[in-house]
Amino acid sequence: MIHTLQTISGDLRLRAEVCVVGSGAGGAVAAKELAEAGRDVVLLEQGGYYTKEDFTQREEEMMPLLFEDMGQRATEDGSILILQGRNIGGSTVHNLCYCFRTPKPIVEKWRREDGLLWAYEDLVPSFERVEAMLHVQPIPEAQVNTLNRKIREGCEKLGYHGIVAHHNRVNCTSSGFCILGCPFDAKQSMALTYIPAADRAGARIYAHCQVEKLEIAGSRVAAVVGRLIDAQGQPRGSVRVEPQVVVLAAGAINSPQILLRSAARNEAGQVGKHLHLHPSVLLAGFYDEDIYGYLGIPQSYYVDEFIDLERNPDSGYIIMPIFGFPVATAAQLPGFGRAHAKWMQSYHRMVGILVLLHDQSEGEVRLGRDGRPRIRYHLRPDEQALMAEGMRHCAEILFASGAKQVLVPYHRDPLLLEPGDDLTAIDRRGCRPGEIPLASTHPQGTCRMGEDRTRSVVNSWGQCHELTNLFLCDMSVFPSSLGAPPQITTAALADHTARYLAAHWSAVRS
Amino acid sequence: MNEWNETANRAAFNSAWEIPIQRRTLLRAFTVSAGWAALARFGLPPSVAAATRDYRLQVLSAKDAAVLREVMERMVRGGEPGLPPVKQTRAVETVDWALTFAPSELQMQARWLLRLFNWSPLWVLWKPAFFVNLNDQYQDACLQRWAESSRTWMAAGFQALKNLSVLGYYSQDEVWQAIHYRGPWVPRPRRVGWAQGEEPTP
């Protein structure tokens, strides 16, 4: 049963064999696998439980329900917006369904540099199980929308390589409202796949339970404590779960926040460090013909011309189509007043395109005095230049497909380019945080995996070095930037970790 | 410019600033509660009372809502005739409703930002008037100063005002037609705009 505030009254006191914290691509998988292995599982999620009837396709109503901090979470200096899910199903409820396995060169890098004790081939069964559960399949050609076709057309003219990706949608109506929650249950999010399976296997699932800290006794977690909160964040009661094993899957920002609040042993000082964001920057192209970019699957084409992980696993960027609904688009467009209004009046003739960096730059999640996470991130100058190069290629792609104007949305003096303009102007302006809107939907790497206790927080099986009954199952365990959309990697690693835990249950619980 | 409250506001403004105006005093005035007391005398435009007749503001005060409405008008529309005026929409009420989901400290920051911004013509334009009482040209100049400020907190404040403005305005059905956006496929009752006493609960 999935409990919400309608079925929870008063304070919550529970005992369980396993307490999973977080219900996204990591937590949902761990809960299902462990429940099916016969373990008594409690899953806690700080957000609410929403179904297709709740998804109104309206930004002002969905952003507060589905996103952390109403979609306004950002780095400490405000320069990078960080979008994360906050509901049963986590970010898989609002993501855009790109499905990529972990790049093999990245796993090899993790083995080489971080000492991971498994290889890519060991993850393949997990990939296969996850892909089957999420109904991963190629995006049909007929569902590549006008916006994505424009970007493909530009790439083909320029000779840039791209692919039509795989996705986890079934019977998609191409409404295009994926980011606001699918009202047709086409998107195979965790809330529609793993969570119901965990429920059927006997897991007890609780929404609106915000975990504040872990109570530590020696080298073990003794309890998970927090509070019941409503959709507005107002406290409704307290939560205390006493499990034998804890699986922390609250995401790369909230997992280290919980550990830091818990004063968990952190002798190597690695908790919260090595944050990667996959920072992205977007440009807009304006066309003479109608595009209606919000109609259809938002992201189906994927440009991998500028990333070659076989040759260099430490550098590169991806170019992707992107489009926002009116509020998000208006927030990204520079300036204000009549000029801004004029751009918005061309909303239906706009194509969005973004550069997503495979970042080696690092940041950190610390704990503020108010107990909330403080996120610092430093985008290295060489990677700023790389992003600017990517922006220039984006402009080339847009012009090659017929754009009449390309807007590079610098906060001050935005660049409005026309065909034939010198695009190196973008390289000269660069991509400095604070001067142009940057965003991240893939924070990762703050409790990274590895066998060297001085450089990592968990071992190759997700088990915390310092706390023997604590496992981590989210993007925080990535040892380095993934360089690809992370949904399948997160779920597969959670599957891998949960199966290890189930197989070694007797040893771990004691 | 509205004439509804010019006299009343002028009196309130003069009264509020019967203290030596120095940088330190200004800062103190903006950061201690006594500094805000003068704002309590700040008049409310009649249009606010009308617009909020069947929606009870939950986070913003009526005065905050008045400031937000003025900011929003210049921020998102700037007099562009092809877009509907803010006062013909439920944009401000929508922002108020959305803010109910924010942590209380964020709600407080939003209210303080609006009040600070309303006072800011004094120190960004050296003009002794509230933002809501400036003409369009000076309102735009004030927004421009915030947008281009080298002070991080002012640039961040501008972005926050912009985010609130676009959230409220571009979520309105009336506006969508003007930007060729067809809106949701699935018709559902709107959460904002319900009758008084029927505030939405998600």
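Labels below follow one simple rule: chain letters A, B, ... track the order of the sequence lines, proteins then strands, and each chain is numbered from 1. Keep in mind that this is a model prediction, so the values were computed, not measured.
- A156(B) does not touch chain A: none of its heavy atoms, backbone or side chain, sits under 4.5 Å away.
- Taking L143(B), T152(B), V95(B) one by one and counting their heavy-atom pairs under 4.5 Å with chain A, the maximum is reached by L143(B).
- The closest side-chain heavy-atom distance from I179(B) to P326(A) is below 4.5 Å.
- Side-chain atoms of K162(B) do not come within 3.5 Å of backbone N or O of Q332(A) as any donor-acceptor pair.
- The choice from G168(B), P184(B), P103(B), A102(B) that makes the most heavy-atom pairs within less than 4.5 Å of chain A is P184(B).
- In the displayed structure, R376(A) atom CZ is contacted under 6.0 Å by at most 12 heavy atoms of other residues, nucleotides or ligands.
- Counting heavy-atom pairs under 4.5 Å between each of H348(A), Q234(A), K342(A) and chain B puts H348(A) at the top.
- Among M63(A), R349(A), H340(A), M70(A), the residue making the largest number of heavy-atom pairs under 4.5 Å with chain B is M70(A).
- For chain A, the nearby parts of D140(B) are the backbone and the side chain; heavy atoms of each come within less than 4.5 Å.
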Next item on the list: Would you sort out whether F184(A) and V186(B) count as a side-chain contact (heavy atoms from CB on, under 4.5 Å), showing the intermediate values?
Entry: CA-CA 9 Å; F184(A) 306 104; V186(B) 181; 3.8 Å; yes
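- Of all non-hydrogen atoms in P81(B) and R338(A), the two that sit nearest each other are CD-NH2, 3.5 Å.
- Within the 4.5 angstrom heavy-atom criterion, only side-chain atoms of L295(A), from C-beta onward, approach chain B.
- Your options are E105(B), R74(B), E148(B), and the one with the most heavy-atom pairs under 4.5 Å with chain A is E148(B).
- If you measure heavy-atom distances from Y169(B) to chain A, you find no contacts under 4.5 Å at all.
- To the nearest 0.5 Å, atoms CE (M62(A)) and OG (S171(B)) are separated by 12.5 Å.
- Heavy atoms of L81(A) lying under 4.5 Å from chain B are absent altogether.
- Note: E60(A) CD to R90(B) CZ = 13.0 Å, rounded to the nearest 0.5 Å.
- Here the straight-line distance linking atom CH2 of W185(B) with atom OG1 of T173(A) works out to 5.0 Å at 0.5 Å rounding.
- Once rounded to the nearest 0.5 Å, the distance linking CZ of R58(A) with OG1 of T94(B) reads 7.5 Å.
- How far CD of Q159(B) is from CD of Q72(A): 9.0 Å, rounded to the nearest 0.5 Å.
- Summarising the local packing, CG of D370(A) is surrounded by more than 12 heavy atoms from other residues, nucleotides or ligands at distances under 6.0 Å.
- The environment of OH in Y292(A) is crowded: more than 12 heavy-atom neighbours from other residues, nucleotides or ligands sit within 6.0 Å.
- Among the candidates F336(A), Y347(A), F177(A), F325(A), the residue making the largest number of heavy-atom pairs closer than 4.5 Å to chain B is F336(A).
- No donor-acceptor pair under 3.5 Å is formed between the side chain of Y170(B) and the backbone N or O of A331(A).
- With a 4.5 angstrom heavy-atom cutoff, E73(B) does not touch chain A via any of its atoms.
- Highest contact tally toward chain B, considering only P64(A), S175(A), G78(A), is held by S175(A) [criterion: heavy-atom pairs under 4.5 Å].
- Annotation: the span from L167(B) atom CG to E59(A) atom CD amounts to 8.0 Å, rounded to 0.5 Å.
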